[in-house]
Each structure stands twice: as structure tokens, then as C-alpha cells.
J.: 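Quick one: the structure is below, questions incoming.
Here is how names work: the chains are called A, B, and so on, in the same order as the sequence lines, proteins then strands, and each is numbered from 1.
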Protein chains: 2
Amino acid sequence: MPKVGMEPIRRQQLINATMAAIDEVGLAETTVMRIARHAGVSAGIISHYFGGKDGLLEATMRQILTDLTTAVAVRRHALEDNSPRAHIGAIIEGNFDRTQVTGPAAKTWLAFWASSMHKPMLQRLQNVNDRRLYSNLCHQFRRVMPRLEARNAARGLAAMIDGLWLRGALTPEGLDAEEARFLAHAYLDQLFAHYGCQ
Amino acid sequence: MPKVGMEPIRRQQLINATMAAIDEVGLAETTVMRIARHAGVSAGIISHYFGGKDGLLEATMRQILTDLTTAVAVRRHALEDNSPRAHIGAIIEGNFDRTQVTGPAAKTWLAFWASSMHKPMLQRLQNVNDRRLYSNLCHQFRRVMPRLEARNAARGLAAMIDGLWLRGALTPEGLDAEEARFLAHAYLDQLFAHYGCQ
DNA sequence: TTTTATTGATTGAACGTTCAATAAAAAAAT
DNA sequence: ATTTTTTTATTGAACGTTCAATCAATAAAA
């Protein structure tokens, strides 16, 4: 069945298949054969396109992080209001985007999160994204509060977002995105209110 | 070297060795041989005392959860003040206890957390503990706010605690327990203040 | 006919478990 | 107090399984 220009198609198929497999049986039991079966191809193709299993896993994590960044960026560029609150709200909304929160992506993310503790490459990827989230939040908070308060607000909100995310990934029913967004926004309101009272 | 009564000693040695191994190379690369080497015994002993690798991993998770429960219970029983705020404060302090937050226990916890998504037994353990944290928080918040507000406060604080924990486990330097406690308490203050204003 | 994409049997390494052998301590016998 | 026997704890080589990676063979498109 070899047509020309299969590479981008196969790569995407295999990345999707990887998420499906991790969602199904977890990272520990995700074998190249299982991924290949999900994608409807043979196992050997993985080494051909990604150099090996690790290459595919790395590409999958990259995709998830890229999707998240995009989800946030889209919402921030669509803002009419340029206020700090609007920007931070967009960051929250982006982090609880459907494509991120629903199904395979959520469990895959948590699996990589844990895995990144001992795999330098994944750790690097995760760190870059982490820092961007914190730095974005901090920058917006800085527009309405002093440095120290902004720093703490950013760390608190980042922890809240990750915590809601983590708990969502672990509950069998999956994350209730609406409730998570509500709680994150409520916390944001409190942060602003608290500063307003000082 | 067989003395009688080795069982409890070996069991504890192997559980500690398991945490050390997971801290060192991650759950995925934690083999029975590596655990055995850490404990200074042979690999076969693991099957003898725990029925197999899975039994040892389960026992290790049980120990971590028990330690956490104990850390919280000790602080709550030591309270002079019976106020909701004091109880919730004790829960926060217990969750950021040194023995939990420092070193091997932290990474082991996160590893099990991710693993529990696809291992029913671990999931059960994790769920029980989760529910207790939520239920304890909810009960205390109920003493000073209506049901719906209490529910949201409990979910928010639980997410905050887990989020701080997660971020701490992932940063190379480990969790800054002092900062985490500060942020959690600050959030708690806001929750109370927010209700007081309504 | 040439190029490109794909297969799948094979290979070698790594892993968890098992179990007969061993060795030390405890108990019993002298 | 010795020696012998029994019990208990532990070892580590062998076994079967699983997995990722390889590569010669194949088949479709160009």
C-alpha cells in the first residue's frame, strides 16, 4: 500500500495510537505491538518513523504540550478585554480545554508527568511548559499587585490548576471540566478580592 | 544468618528499599534485583515475603498511605483548639509532614498515583484515602458555612494540596515544604475570609 | 524498472518466579 | 557442656516469558 507522502499521516496515526494505548492499559503495559495494532500497522514501522519506542513517546508528549499551548494561545488572542483578569481567565480556560481534559490525553499526560521524574528529555519538556505557565501568570498578576503577592498568586493558581487536573485524571469518571473551571475562577476571584482589600 | 523473627524486619527493609529504588530510577526501571540489592538480600526473598513483586509494591503504597494518615491524626489529636480552622490547619500540616514530603516517599507516591489509574488494587487504596481527606475537610468547613460552599471549599483545598504536592515532586530540588504550607494556609484564610464577607 | 513504504519472523537481552540446595540458629538429646 | 537433630531463613542458578529492535523480503506506486 505504499503511497508517497505517508510520513506525516503515519506519524500522527502512531501518536494517536500511543495515547489510546496509554489510556487503555497505562504506560507500563504499552508495548510497540499494542500501539501498532491500534494504528493498524506493523510494529516495525515505529522504529522506522521515530527511531524507536522512546522517540514515539517523546513525540507524543511534545504533541500534548503543543496542544495545550495552542489552546491557551487561541483564547488569549481572541480576547477583546486586555485586563489581567481576562488573560488569566483565558489561561484557566485553555488549561481545561476539552481536547486536553477529555479521554486519552488526560491519562497520557499524567503518565508522562510521573515518567518525567526520571527521564531527562521528558523532564526538560515538562519544565519548559511549567515555567511558561508560571511566568505568564506572574506577569499578569504583576499588573495589579506587588511582586511578592504576584509571585504567590501565580504559584497558588498554578498549583490549583495542576491539582484539579490531577484529581480529574484519577477519578474514574474523568475530570468534571465545568466544576474545575468554576473552582479555579473562584480562586482567582478570591486572589483579586484579597488584594483589593489590603 | 537465619534468626527467628526476621519477617517484620525483612518486610520493612524491602519496603524501604522499594522506595529508595523508585526514588533512584523510577517505577518503570525498578526491578526485583535492584530492590534486593538495596536491601542487601537476594531477589528470591521478595516472593517469599510478599508473594511477588506486585505484593511488595502494594505493601509499599499501603505504608505510604498509613504514614500520611498517621501524620494527620497525630496533629489533630494534639490540638488544644477545637475550631474548624485548627483542624483544617492540622490536616494541611500533616499533608506536608517531613517524612511524607522529603526524599523517596514523595516520588514513590507520585509514581503510585499514576500507576493507580490502571491497577484496581492501587486505585482502591488511593480512592479510600482521597475520600477521607475530602470528607474530613468537608466536615470541618460545614461547621462554618452552608453545604454547597463547604463542598467547594473542600474540593478546592484538596486540589490545592495535591497540586502543591505534585509540583513539589516534579521540581528537581524537591518540595519546599515551608512555601507549600504558606500557600495552603493563605488559601485557607481566603476561604474563611470570603465566607465571612458574604 | 526503479523507488518507496511496509511487513513480520528472528534475535538477543532483561525480567519475575521457582525451587532444590545451603547454612545458620534453635531445640533436643546425650 | 557437647553433640545431634530439627527448624527457619536465605540463596542463586535455571526457566519460561516478554519485549524492542533489526533486516531481508515483499508489494504497491511512480
Side-chain angles (χ1 to χ4, degrees), chain A residues 1-61 108 111-112 115 118-122, chain B residues 1-61 108 111-112 115 118-122:
Chain A
M1 308 141 186
K3 292 181 193 163
V4 294
M6 280 280 98
E7 182 160 342
I9 296 169
R10 289 276 178 258
R11 290 180 75 97
Q12 194 57 55
Q13 280 180 334
L14 288 168
I15 287 173
N16 293 342
T18 302
M19 292 197 236
I22 293 176
D23 178 51
E24 196 177 311
V25 296
L27 182 57
E29 299 194 45
T30 292
T31 65
V32 291
M33 272 203 192
R34 191 183 288 267
I35 295 172
R37 198 174 340 122
H38 260 284
V41 294
S42 83
I45 216 79
I46 288 173
S47 290
H48 182 246
Y49 282 124
F50 293 95
K53 190 187 182 185
D54 283 347
L56 174 54
L57 293 179
E58 187 190 318
T60 304
M61 186 172 186
T108 304
F112 279 132
S115 180
H118 297 96
K119 299 205 174 177
M121 178 55 82
L122 298 187
Chain B
M1 308 143 184
K3 292 181 193 164
V4 294
M6 279 281 97
E7 182 159 343
I9 296 169
R10 288 275 178 258
R11 289 181 74 97
Q12 194 58 57
Q13 280 181 334
L14 288 168
I15 286 172
N16 293 342
T18 302
M19 291 197 236
I22 293 176
D23 179 50
E24 198 177 311
V25 295
L27 182 56
E29 298 194 45
T30 293
T31 67
V32 292
M33 271 201 193
R34 191 183 288 267
I35 295 172
R37 195 169 350 116
H38 259 284
V41 295
S42 83
I45 216 79
I46 288 173
S47 291
H48 183 246
Y49 282 125
F50 292 95
K53 190 189 181 186
D54 283 347
L56 174 54
L57 294 179
E58 186 190 318
T60 304
M61 187 173 185
T108 305
F112 279 132
S115 179
H118 297 96
K119 300 205 173 177
M121 176 57 80
L122 298 186

J.: When the distance from CZ of A/Arg37 to P of D/dA20 is rounded to whole Å, what number comes out?
T.: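 Between P of D/dA20 and CZ of A/Arg37: 12 Å.
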
J.: Side chain of A/Val41, heavy atoms from C-beta onward: which of C/dT7, C/dT6, D/dT10 has the nearest atom to it?
T.: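 When the side chain of A/Val41 is considered, C/dT7 is the closest of C/dT7, C/dT6, D/dT10.
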
J.: What pairs with A/Glu29 under salt bridge (Lys or Arg N to Asp or Glu O under 4.0 Å), at least two apart in sequence or on another chain?
T.: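 Here no residue qualifies.
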
J.: Please give, in whole Å, the distance from D/dA28 C1' to A/Arg10 CZ?
T.: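 Nearest whole value for this atom pair: 13 Å.
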
J.: Kindly compute the distance separating CD1 (A/Ile45) from CZ (A/Arg11), expressed to the nearest 0.5 Å.
T.: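 Interatomic distance, A/Ile45 CD1 to A/Arg11 CZ, rounded to 0.5 Å: 12.0 Å.
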
J.: Could you state the atom-to-atom distance from CE of B/Met6 to P of C/dA24 in whole Å?
T.: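 From B/Met6 CE to C/dA24 P: 15 Å.
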
J.: Tell me: CD1 of B/Ile35 to C1' of D/dG12, nearest whole Å?
T.: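 Rounded to the whole Å, the gap is 17 Å.
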
J.: Indicate yes or no: at least one non-hydrogen side-chain atom of A/Thr60 is less than 4.5 angstrom from one of A/Ile22.
T.: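 With C-beta onward as the side chain, the pair stays apart.
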
J.: Take A/Leu57 and A/Leu122, measure what side chain to side chain contact (heavy atoms under 4.5 Å, CB included) needs, and give me the verdict at the end.
T.: CA-CA 9 Å; A/Leu57 293 179; A/Leu122 298 187; 5.9 Å; no

J.: Represent DNA chain D in dot-bracket notation, 5' to 3'. Only Watson-Crick or G-U wobble pairs with both distances under 3.5 Å count; pseudoknot-style crossings use [ ] and interstrand partners use |.
T.: ||||||||||||||||||||||||||||||

J.: Which letters describe nucleotides 15-21 of chain C, given B = protein heavy atom under 4.0 Å from base, S = only from sugar-phosphate, - = neither?
T.: SSBB---

J.: Under 3.5 Å, side-chain donor or acceptor atoms of residues 48-56 of chain B against the rest of the protein: list the pairs with distances, not counting sequence neighbours.
T.:
from    : atom 1 : to      : atom 2 : distance (Å)
B/Lys53 : NZ     : B/Thr30 : O      : 2.9

J.: What pairs of donor and acceptor atoms, side-chain ones from residues 14-21 of chain A against any protein atom, are under 3.5 angstrom apart with sequence neighbours left out?
T.:
from    : atom 1 : to      : atom 2 : distance (Å)
A/Asn16 : OD1    : A/Gln12 : NE2    : 3.1
A/Asn16 : ND2    : A/Gln12 : O      : 3.4
A/Thr18 : OG1    : A/Leu14 : O      : 2.7

J.: Using the test side-chain contact (heavy atoms from CB on, under 4.5 Å), find all partners of A/Ser47 that sit at least two apart in sequence or belong to another chain.
T.: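 side-chain contact (heavy atoms from CB on, under 4.5 Å) list for A/Ser47, sorted by chain: empty.
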
J.: I'd like to check the side-chain hydrogen bond (donor to acceptor under 3.5 Å, both in side chains) partners of A/His38; sequence neighbours left out, ordered by chain and number.
T.: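 Expected list: A/Glu24.
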
J.: Measure from the side-chain heavy atoms of B/Tyr49 and tell me the nearest of C/dT6, D/dG12, D/dA9.
T.: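 My answer, after comparing the listed nucleotides, is D/dA9.
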
